[in-house]
Asker: 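Below is one structure. I have some questions about it.
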Amino acid sequence: MTRPVIALDADGVLLDYHLAYAAAWQRAFGEYPAERDPQAYWPMDRWAVPALRLFKRRRFRAEFGELFWSTVPAIPGAVDACHRLREAGHELVCVSALEARYEAARLRNLRELGFPIERVIATGHRESVRSPKADAVEAIDAVAFVDDYLPYFRGVASSVHTALVTRAPNGSPNEGPELALASSVHQDLADFTRSWLAR
């Protein structure tokens with residue numbers, strides 16, 4: 001008997017991209033950035049960092065390689081929430097808008113943090129009428145899909161429970177008519193897990 005599958009986004013659901021971004025800034029420029037707005041959705045708004053010109057932008061982007069994608073810290077409570085879902089009989093698959101070449105690094109990162117996840121599907125990122133994640137969610141026959149970016153629910157079958165993690169509200173794209181794409185809304189993965197297991 002197969003386990004029902006739950007598809008989980010990585011950055012903003014399982015992993016704290018914002019903290020990894022700040023650490024990458026420190027590696028690139030020698031100082032950890034000051035926090036400007038802890039409730040900012042985008043990392044460049046959360047941290048007091050200047051806009052970068054060509055040379056410095058290239059230097060910063062060079063930090064987003066194997067080291068970066070294999071060392072993103074876990075969001076508090078996310079590992080435990082995943083273990084609760086797994087113990088309740090679910091298979092967990094990470095569906096991440098990541099370049100395919102970093103798929104193995106992301107899986108290594110999750111496994112080293114203790115997530116009970118054996119598979120990562122890297123979909124890449126593009127803005128379109130159908131989310132690049134929709135095909136992956138369909139291919140694994142997921143019963144639920146948890147993400148923190150509302151546009152990734154575009155094109156996901158109505159039979160899939162789409163759970164939106166809202167996290168930081170300032171500058172968030174998670175608003176407007178597309179909120180109708182979310183079956184439920186949660187503060188974090190732990191909140192989704194409590195709600196899902198209480199059904």
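Keep in mind the model is a prediction, meaning the values are calculated, not measured.
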Asker: Side chains of Glu35 and Trp47, heavy atoms from C-beta outward: is any pair under 4.5 Å?
Answerer: yes

Asker: If you round to the nearest 0.5 Å, how far is CD of Glu99 from OG1 of Thr123?
Answerer: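 Those atoms lie 11.0 Å apart.
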
Asker: For the atom pair CG (Leu14) and CG (Asn109), what is the distance rounded to the nearest 0.5 Å?
Answerer: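 Between atom CG of Leu14 and atom CG of Asn109 there are 10.0 Å.
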
Asker: Which heavy-atom pair separates Pro151 from Ser131 by the least distance, and what is that distance?
Answerer: O-CB, 3.8 Å

Asker: Quick one: OG on Ser70 to CD on Glu112, what's the gap to the nearest 0.5 Å?
Answerer: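 The distance works out to 7.0 Å.
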
Asker: Do Arg130 and Asp135 have side chains that approach each other closer than 4.5 Å (heavy atoms only, starting at C-beta)?
Answerer: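 Result yes, sub-4.5 Å side-chain heavy-atom pair found.
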
Asker: When you compare the side chain of Tyr149 with that of Asp9, does any pair of heavy atoms fall below 4.5 Å?
Answerer: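 Not touching, per the 4.5 Å side-chain cut-off.
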
Asker: What's the shortest heavy-atom distance between Ala122 and Ala100, and which atoms?
Answerer: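 For Ala122 and Ala100, the tightest heavy-atom pair comes out as CB-CA, 3.8 Å.
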
Asker: In terms of side-chain heavy atoms, does Ser195 have a donor or acceptor partner in His186 at a distance below 3.5 Å?
Answerer: no

Asker: Are Arg108 and Glu66 ion-paired here, with the side-chain N under 4.0 Å from a carboxylate O?
Answerer: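 Salt bridge present between Arg108 and Glu66.
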
Asker: Please check: side-chain N/O of Arg3 versus main-chain N/O of His90, any donor-acceptor pairing under 3.5 Å?
Answerer: yes

Asker: Could you go through Gln187 and Phe192, starting from their C-alpha distance and side-chain angles, then the distance that decides it, and tell me whether this counts as side chain to side chain contact (heavy atoms under 4.5 Å, CB included)?
Answerer: CA-CA 8 Å; Gln187 179 61 36; Phe192 162 77; over 6 Å; no

Asker: Whether the side chain of Arg57 engages the backbone of Leu52 through a donor-acceptor N/O pair (distance < 3.5 Å, no angle test) should be reported.
Answerer: yes

Asker: Taking the side chain as every heavy atom from C-beta outward, state whether Ile6 and Glu91 have any pair of such atoms under 4.5 Å apart.
Answerer: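 Not touching, per the 4.5 Å side-chain cut-off.
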
Asker: Testing the basics here: between Phe64 and Tyr102, what is the closest heavy-atom pair and its distance to 0.1 Å?
Answerer: O-OH, 3.5 Å

Asker: About how many Å separate CZ of Arg106 and CD of Glu103, when rounded to the nearest 0.5 Å?
Answerer: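 That separation rounds to 10.5 Å.
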
Asker: Checking one residue: Val95. Which other hydrophobic residues are in its cluster under the side-chain 4.5 Å linking rule?
Answerer: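 Besides Val95, the hydrophobic cluster comprises Val5, Val93, Ile121, Ile140, listed by chain and residue number.
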
Asker: With hydrophobic residues grouped by side-chain heavy-atom distances under 4.5 Å, do Leu113 and Ile75 end up in a single group?
Answerer: no

Asker: To the nearest 0.5 Å, what is the distance between OG on Ser96 and CG on Leu15?
Answerer: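 Here the rounded value is 8.0 Å.
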
Asker: If you take the centroid of each ring, where Trp contributes its six-membered ring, are Phe60 and Phe55 closer together than 6.0 Å?
Answerer: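 That pair fails the under 6.0 Å test.
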
Asker: Hey, does the side chain of Thr162 reach the backbone of Leu181 with a donor-acceptor pair shorter than 3.5 angstrom?
Answerer: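 Checking the backbone N and O of Leu181 against the side chain of Thr162, a donor-acceptor pair under 3.5 Å is found.
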
Asker: So which atom in Val185 and which in Asp191 form the shortest heavy-atom distance, rounded to 0.1 Å?
Answerer: O-OD2, 4.3 Å

Asker: Which pair of heavy atoms, one from Leu189 and one from Cys82, lies closest together, and at what distance?
Answerer: CD2-SG, 3.8 Å

Asker: Does any N or O in the side chain of Asn174 come within less than 3.5 Å of the main-chain N or O of Leu150, such that one atom is a donor and the other an acceptor?
Answerer: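 Checked: pair present.
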
Asker: Please tabulate, for side-chain N and O atoms in residues 24-31, each donor-acceptor pair with protein atoms closer than 3.5 Å (sequence neighbours left out).
Answerer:
from: Arg27; atom 1: NE; to: Glu63; atom 2: OE1; distance (Å): 2.9

Asker: Would you call Arg46-Asp37 a salt bridge at under 4.0 Å N-O?
Answerer: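 A salt bridge is absent here (no side-chain N lies under 4.0 Å from a carboxylate O).
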
Asker: So, are Glu118 and Arg111 salt-bridged, with charged N and O less than 4.0 Å apart?
Answerer: yes

Asker: Same hydrophobic cluster for Met44 and Tyr32, using side-chain heavy-atom links shorter than 4.5 Å among ILVMFWY?
Answerer: yes

Asker: Would you mind checking if Asp147 and Lys133 are paired as a salt bridge, meaning a charged N to carboxylate O distance below 4.0 Å?
Answerer: yes

Asker: May I ask you to decide whether Asp11 forms a salt bridge with Arg167, counting only side-chain N to carboxylate O separations under 4.0 Å?
Answerer: no

Asker: Looking at CG of Leu85 and OG1 of Thr193, how far apart are the two atoms once the value is rounded to the nearest 0.5 Å?
Answerer: 4.0 Å

Asker: Would you say Leu197 and Leu8 are hydrophobically clustered, going by side-chain heavy atoms of ILVMFWY under 4.5 Å?
Answerer: yes

Asker: Does Ser183 use its side chain to pair, donor to acceptor, with the backbone of Ala163 at less than 3.5 Å?
Answerer: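 Not at all, since once roles are kept as given, no pair shorter than 3.5 Å links the two residues.
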
Asker: One pair to check against side chain to side chain contact (heavy atoms under 4.5 Å, CB included): His161 and Phe145. What are the steps and the verdict?
Answerer: CA-CA 6 Å; His161 182 100; Phe145 171 37; over 6 Å; no

Asker: Quick test of your reading: applying ring-ring contact (aromatic ring centres under 6.0 Å, His included), list the pairs with at least one residue in residues 104-139, sequence neighbours left out, ordered by first then second residue.
Answerer: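 For residues 104-139, and leaving out neighbouring residues, the ring-ring contact (aromatic ring centres under 6.0 Å, His included) pairs sorted by first residue read His125-Tyr152.
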
Asker: Testing the basics here: between Ala168 and Ala40, what is the closest heavy-atom pair and its distance to 0.1 Å?
Answerer: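 Heavy-atom minimum between the residues: CB-O, 3.3 Å.
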
Asker: Under a 4.0 Å threshold between the charged nitrogen and the carboxylate oxygen, would Glu178 count as salt-bridged to Arg154?
Answerer: yes

Asker: Determine, stepwise, if the pair Val120 / Leu110 fulfils side chain to side chain contact (heavy atoms under 4.5 Å, CB included).
Answerer: CA-CA 9 Å; Val120 170; Leu110 293 171; 3.8 Å; yes

Asker: Would Arg199 and Trp196 count as a cation-pi pair here, with the cationic atom under 6.0 angstrom from the ring centre and within 45° of the axis?
Answerer: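 Yes, Arg199 sits over the ring of Trp196.
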
Asker: Main chain of Tyr41, side chain of His18: is a donor-acceptor contact present, judged purely on distance under 3.5 Å?
Answerer: yes

